[in-house]
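Note that ligands are numbered from 1 as they come in the structure, with each ligand's atoms numbered from 1 the same way. The first residue in the sequence is number 1, and the count goes up from there.
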Amino acid sequence: MERATIVRVREGLHARPATCFVKLAKSFQSDVEIVKGANRVNAKSSVKLMLASVLEADPVVVRTSGADEAEALEALVRFLEDPESGIEAGGAATPAAPAATRTDASADKDDGRTEDGGLRGIAASEGKVVGPVFGYFPPSIDSAERMLAEGEIDDEIALLSRSVAVIRRRMVDSLSAPELSPVHRGIIAALAEIVADDAVIEEMATEVRKGRDAVTAVREVIGKTAAAFAAVDDPYIAARADDVTAVGRQLCLELLGRKDIVLEDIPAGSILVAEDIGAFDLARAPLDRIGGIACAQGGATSHIAIIGRSHGIPTVLGLRGGIEALRGATEIALDGTHGVAYDVLDDDLRARFAAAVAKAAAEKKALAVYRSIVPKRADGTVIEVAANIGSLEEIDAARAAGAMGVGLFRSELLFMLQTGLPSEEMQYQTYVTLARAFAPHPVIVRTLDVGGDKPLAGIQFPEEANPFLGWRGIRMCLDRPDIFKPQLRALLRAAVGGNIEVMLPMVSDLGEVRRTRALIEDCAAELTAEGVPFERFAVGVMIETPAAVMIARELAKEVSFFSIGTNDLTQYIMAADRLNSSVAGLNDVTNIAVMNAIEMTARAGVEAGIMVGMCGEAAGRVDLIPRFIAMGLTELSMSPASIPRAKKCIVDLTTAT
Ligand code: PEP
Ligand code: MG
């Protein structure tokens, strides 16, 4: 039997809707196929179904054949025709972003070590720690292809089936862990779905029947499947290529009888030393037991930096070759604030670290009283001290620190830890949860700021000679309304609560603001037509390019607020890459050139009567806050840990005048 229909499932059969559809198809005995154009796929395979890229508004034919074909056809068509089918309930979250820089390079010696013998890396999450090394260097899969003799094939098939069963069970066990966060659960569920796909496993078995060893068969099928995902012109689906590869690796290791290094085995207080860590491994990590993180790879927005910061784990990344020395040590020290790792510990260093840890604890205690204080300028104007966060998991820490709302929600982090791009619904749930948590204070969501040095799975980025000057932030979003519009729609829907504001990253031209406004209006018209409730939100811009500073007066006429992004503004004003240790001396926010740019921006905003805030790292610097307040800034947004200190600074300023 067959029936033609138009897919109405919102955003099509990707991710969860695809899984739900497959589950429904599998509940019937009949064979089920979906035909889209010339493509006909087995609808009981979520991998095949996702590869068919069935999108909202696509015409398809559903075919069923078997004992219960009529009921199956009815139920499946009903599913496809319901916009709400398989839509996620409940938000998800991701951890916070660091502003990672290589600092103090001028103090380094010729061998790349600091004066006091440390290894220079990137400061990714503040704090100091000393602890034993837990090396995390997962084995590579280097087995050579082997042709099987006729008599070996059955045994090899049995080995493949056993290994698949082990991995399936492992995924199910991981999913039942109660402490798993929604994001991590999503990652594991995505992997579990692939390994549970009989059609893919059957392809592997077919390769084995041709005489190829199981590891080669798995690598072959996984390679082809991952490439097929990567080639799909839908970013939600293309991003699944990474999941497929991760599953292949697990299977190969099991077939080879090799044990992966398991982060669950990390003893409490140990420092994780690794080349790099992937999302799946992080998903299983007992973060409360990790004392510190040191990695060869990684930068400001790598998963590790994000997790480290949101969980208060001192983290040093980008240690490159230095990781070998740390790997060989038994006990190391990390200074996440300055981005230095020490493989040789003497009494002096131990004493310094112990004193710093004690001082930080004492300071934290003394500052607790400032949490509930509303700091004001001498003229009575409230100075909003808000939090920079990137996930729902940081809400409690931000509130406990006394955050007066969120001055920067780095929404790209939602996109980065997902296994695919987050759906409109998932974003909506996240923004609503945030808005409610901080009401009546504002929650400023920054629209997707990826590209250049921080690419995203599922989006094809061009090779760029100068990624920091390339296709990033608002530039990329305006070129990709398919990605931008779901975010704007989610924000419009979440704004019904009244305290959502939106800011645009990397703005360098008025046209970017105007085009975004036009897109917002398109989204508003769509939501009106669909009868979905929404409200318009205040739109602001980040001031983080020299061009934005130069047109601040014009911008101020078109937006509701400015938020100065000193991390990028410094690198662009000084033409000094924020990740390049060789020019770290120039990458200095206190340079008169940068301070002048901040002052120009503040003046333009104050004259136009709009709010001027700051969300770059400099906002939390107590040595600079008095100058920013004097310039007219009325909002400072920073990592939650800095909030009490900043409030005290403002209070002291007022009482001193
Ligand atoms: C900035 O550039 O100052 C900023 C806050 O944005 P990010 O660090 O995320 O680039
Ligand atoms: Mg920036």
Side-chain angles (χ1 to χ4, degrees), residues 94-103 122-126 298-303 305-306 309-310 317 386-391 394 406-417 444-456 467-477 501-508 512 540-549 561-580 587-591 594-595 597-598 601-602 612-621 624 628 633 635-640 642 646:
T94 55
T101 47
R102 282 173 182 273
T103 53
I122 289 171
S125 174
E126 69 173 22
T301 52
S302 66
H303 291 140
I306 292 164
R309 218 167 150 86
S310 77
L317 301 180
N388 289 353
I389 62 175
S391 74
E394 293 156 85
V406 173
L408 167 61
F409 181 71
R410 287 181 158 104
S411 70
E412 63 274 12
L413 305 174
L414 267 187
F415 290 69
M416 285 180 157
L417 264 194
I444 303 180
V445 178
R446 173 171 76 185
T447 58
L448 183 61
D449 185 17
V450 290
D453 66 319
K454 28 178 190 175
L456 203 59
F468 273 126
L469 305 181
W471 198 56
R472 53 174 302 203
I474 193 68
R475 306 166 182 188
M476 189 281 274
C477 282
E501 300 184 4
V502 173
M503 73 180 168
L504 315 179
M506 281 297 294
V507 166
S508 49
E512 290 161 341
V541 286
M542 289 195 67
I543 302 289
E544 53 183 348
T545 67
V549 176
F561 62 91
F562 286 162
S563 185
I564 304 171
T566 50
N567 308 338
D568 276 319
L569 185 62
T570 306
Q571 77 163 340
Y572 293 129
I573 290 280
M574 299 305 296
D577 184 341
R578 69 196 249 193
L579 300 178
N580 185 344
N587 194 291
D588 175 8
V589 69
T590 64
N591 188 293
V594 187
M595 292 307 275
I598 295 171
T601 306
V612 183
M614 179 181 284
C615 61
E617 284 302 293
R621 279 182 58 170
L624 299 178
F628 297 148
L633 271 63
E635 184 241 29
L636 297 167
S637 192
M638 57 200 70
S639 58
S642 305

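Counting only distance, with no hydrogens or angles, the side chain of Ser637 and the backbone of Ala387 share a donor-acceptor pair below 3.5 Å. Under a 3.5 Å cut-off, the side chain of Tyr572 and the backbone N or O of Phe468 do form a donor-acceptor pair. Not a single donor-acceptor pair under 3.5 Å links the side chain of Asn587 to the backbone N or O of Met574.
Geometrically, ligand 1 and Asp568 share a nitrogen or oxygen pair separated by less than 3.5 Å. Between Glu617 and ligand 1, no pair of N/O atoms sits closer than 3.5 Å. Considering backbone and side-chain atoms alike, Glu412 places every N or O at 3.5 Å or more from each N or O of ligand 1.
Listed by number with element, the atoms of ligand 1 under 4.0 angstrom from any heavy atom of Leu408 are 5 (C). Each of the following atoms of ligand 1 lies closer than 4.0 Å to a heavy atom of Met542: 4 (C), 5 (C), 6 (O). Residue Cys615 has at least one heavy-atom neighbour below 4.0 Å for each of these atoms of ligand 1: 5 (C). Contact atoms of ligand 1 toward Gly616: 3 (O), 5 (C) (distance under 4.0 Å to a heavy atom of the residue).
When the options Thr570, Asn567, Val589 are ranked by their closest heavy atom to atom 8 (O) of ligand 1, first place goes to Asn567.
Contacts of Met638 with ligand 1, taken as heavy-atom pairs under 4.0 Å, are absent altogether.
For the atom pair CZ (Phe561) and CD1 (Ile444), the distance works out to 4.0 Å, reported to the nearest 0.5 Å.
Arg621 pairs by the salt bridge (Lys or Arg N to Asp or Glu O under 4.0 Å) definition with Asp623, not counting sequence neighbours. In terms of the side chain to side chain contact (heavy atoms under 4.5 Å, CB included) criterion, residue partners of Ser508 (sequence neighbours excluded) are, by chain and number, Arg475, Glu512, Thr545, Ala547.
The angle that Asp568 OD2 and Glu544 OE1 make at the Mg ion (ligand 2), rounded to 10°, works out to 90°.
Of all non-hydrogen atoms in Arg446 and Ser411, the two that sit nearest each other are O-OG, 2.6 Å.
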